[in-house]
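Just below is one structure, and these are the notes that go with it.
Residue indices begin at 1 and follow the sequence shown.
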Amino acid sequence: MGLLDSLLGNNARKFIKRKDSDAGEAGQALEELRGSLYNDIRTSEGAKRQQQRFCGPAVAMTFNFMAAVGVIMANKLVMKKVGFNFPIFLTLIHYSTSWILLGILRALSLLPVSPPSKATPFAPLFSLGVVMSFASGLANASLNHNSVGFYQMAKIAVTPSIVLAEFILFRKTISYKKVLALLVVSGGVAVATVKDLEFNFFGACIAIAWIVPSSINKILWSNLQQHANWTALALMWKTTPVTIFFLVALMPCLDPPGLLSFKWDLYSSSAIFLTALLGFLLQWSGALALGATSATSHVVLGQFKSCVILLGGFLIFGSDPGFVSICGALTALAGMSVYTSLNLQESRENLIFQLQTQTLPLSKPKTKLETTTTDDQT
């Protein structure tokens, strides 16, 4: 050490000590950051803040749009090419896969913590699991038994159902400008899909039965996340077992016979497993979108997806939906643009109001003694 000290000198020893101190500070800062992130995940409020921070309305709705398009293509492959015409069992596979993936996240301590049981009663969680099974199962059954046009007509009926249900349950109202925009959107989608409108009595009964649980499902997802500090993944973990149980009960009623005789090979199993993974992404992204926006905005996003698919087939693949259908899709897109701008304007106004509310308590009112002193001085 004496030879090394003589070679390096005092300045070199000070430099090495300073480097060791900087490395220690950097390691300490990294540990503090890791600890703060862990604490954010391990509390329901912190996890909710992280979800709102990293997944705003634009990110959530874009994620949901891409996942929905992927699921549509994969389900079409499974039902048409593979011949797997068991929509309820397919939905059961989707939710079972989601439950397994959520269990893996929980085992790795990556699943956000749920709010305390006292904060949210069991009844809303159980109700959400039940209506989610009916909404998802009946949606696939409706798509299997109806044409795309009739399926879209049923989705249009979800919009006024949500508005009415939110008014009855929560006394929530929307402005007349939004009502007009929603009417334009619904009318445009109706015109765009009327060419593919085919009536099937059994399929129509399924579509009508699907409207109510679909509306309540979206309202409960949005309300529990926005008012009870639930994150999307934590809410999925709590409600998926109930959904799986009721999907098993629905299978004998809505699925055709012949499931046990279906030929399971590598091609069909891979295609079905692909739909299951995309189904998990769709469920997660849909929950994120409902937590970041509202039930009505999520329905408008679904109608936007339908119009984009119709116009994309016309522009990219050369399909000919007809001049009337194209005009209807463009009209619906215009109505969606107006509805989105109204939502953004309302969000800005709410943000300004919240900022003003937060800054007002900072200016303390004068006490009686201060007022008396001021009057005496004057």
Contact summary for Met61 and Ala289, nearest pair of heavy atoms: CG-CB, 4.3 Å

d(Leu233 CG, Lys238 NZ) to nearest 0.5 Å is 14.0 Å

Look only at the side chain of Trp210 and the backbone of Ala135, and say whether a donor-acceptor pair between them is shorter than 3.5 Å. yes

Closest non-hydrogen contact found for Ala232 with Gln225 is N-OE1, 3.5 Å

How close do Pro256 and Phe86 get, heavy atom to heavy atom, and via which atoms? O-CE2, 3.4 Å

Where Val131 and Pro213 come nearest, the two heavy atoms and their spacing: O-CB, 4.0 Å

Relative to the ring of Trp264, is the ring of Phe84 parallel (under 30°), tilted (30 to 60°) or perpendicular (over 60°)? perpendicular

In this structure, would Phe273 and Leu266 fall into the same cluster of hydrophobic residues linked by side-chain contacts under 4.5 Å? no

Nearest heavy atoms of His94 and Ala276, plus distance in Å: CD2-CA, 3.4 Å

After noting the C-alpha distance and the side-chain angles of Ile100 and Phe280, does the key distance pass the side-chain contact (heavy atoms from CB on, under 4.5 Å) rule? CA-CA 10 Å; Ile100 294 173; Phe280 169 73; over 6 Å; no

Leu250 versus Leu138: any side-chain heavy-atom pair under 4.5 Å? no

Here the gap from Thr97 atom OG1 to Leu278 atom CG, rounded to the nearest 0.5 Å, amounts to 11.0 Å

Angle between ring planes, Trp237 versus Trp99, binned at 30° and 60°: parallel, tilted or perpendicular? parallel

pair Leu92-Ser96: side-chain heavy atoms closer than 4.5 Å: yes

Is the backbone N or O of Met132 less than 3.5 Å from a side-chain atom of Ser136, with the two atoms forming a donor-acceptor pair by type? yes

Looking only at side-chain N and O atoms, does Ser268 offer a donor or acceptor that is under 3.5 Å from a partner on Asp265? yes

Checking side chain to side chain contact (heavy atoms under 4.5 Å, CB included) between Leu128 and each of Thr243, Thr239, Asn223, Ile219, which is the one that passes? Thr239

I'd like to know if the side chain of Ser214 reaches the main chain of Ile211, judged simply by a donor and an acceptor atom lying under 3.5 Å from each other, with no hydrogens or angles considered. no

Using only atom types and a distance under 3.5 Å, with no angle test, would you say the side chain of Ser285 pairs donor to acceptor with the backbone of Leu281? yes

Work out which heavy atom in Phe89 is nearest to a heavy atom in Asp255; give both atom names and the distance. N-OD2, 2.9 Å

Please evaluate residues Lys178 and Val338 with respect to the criterion side-chain contact (heavy atoms from CB on, under 4.5 Å), reporting the C-alpha separation (whole Å), side-chain torsions for both, the decisive distance (0.1 Å), and the verdict. CA-CA 8 Å; Lys178 286 187 177 182; Val338 174; over 6 Å; no

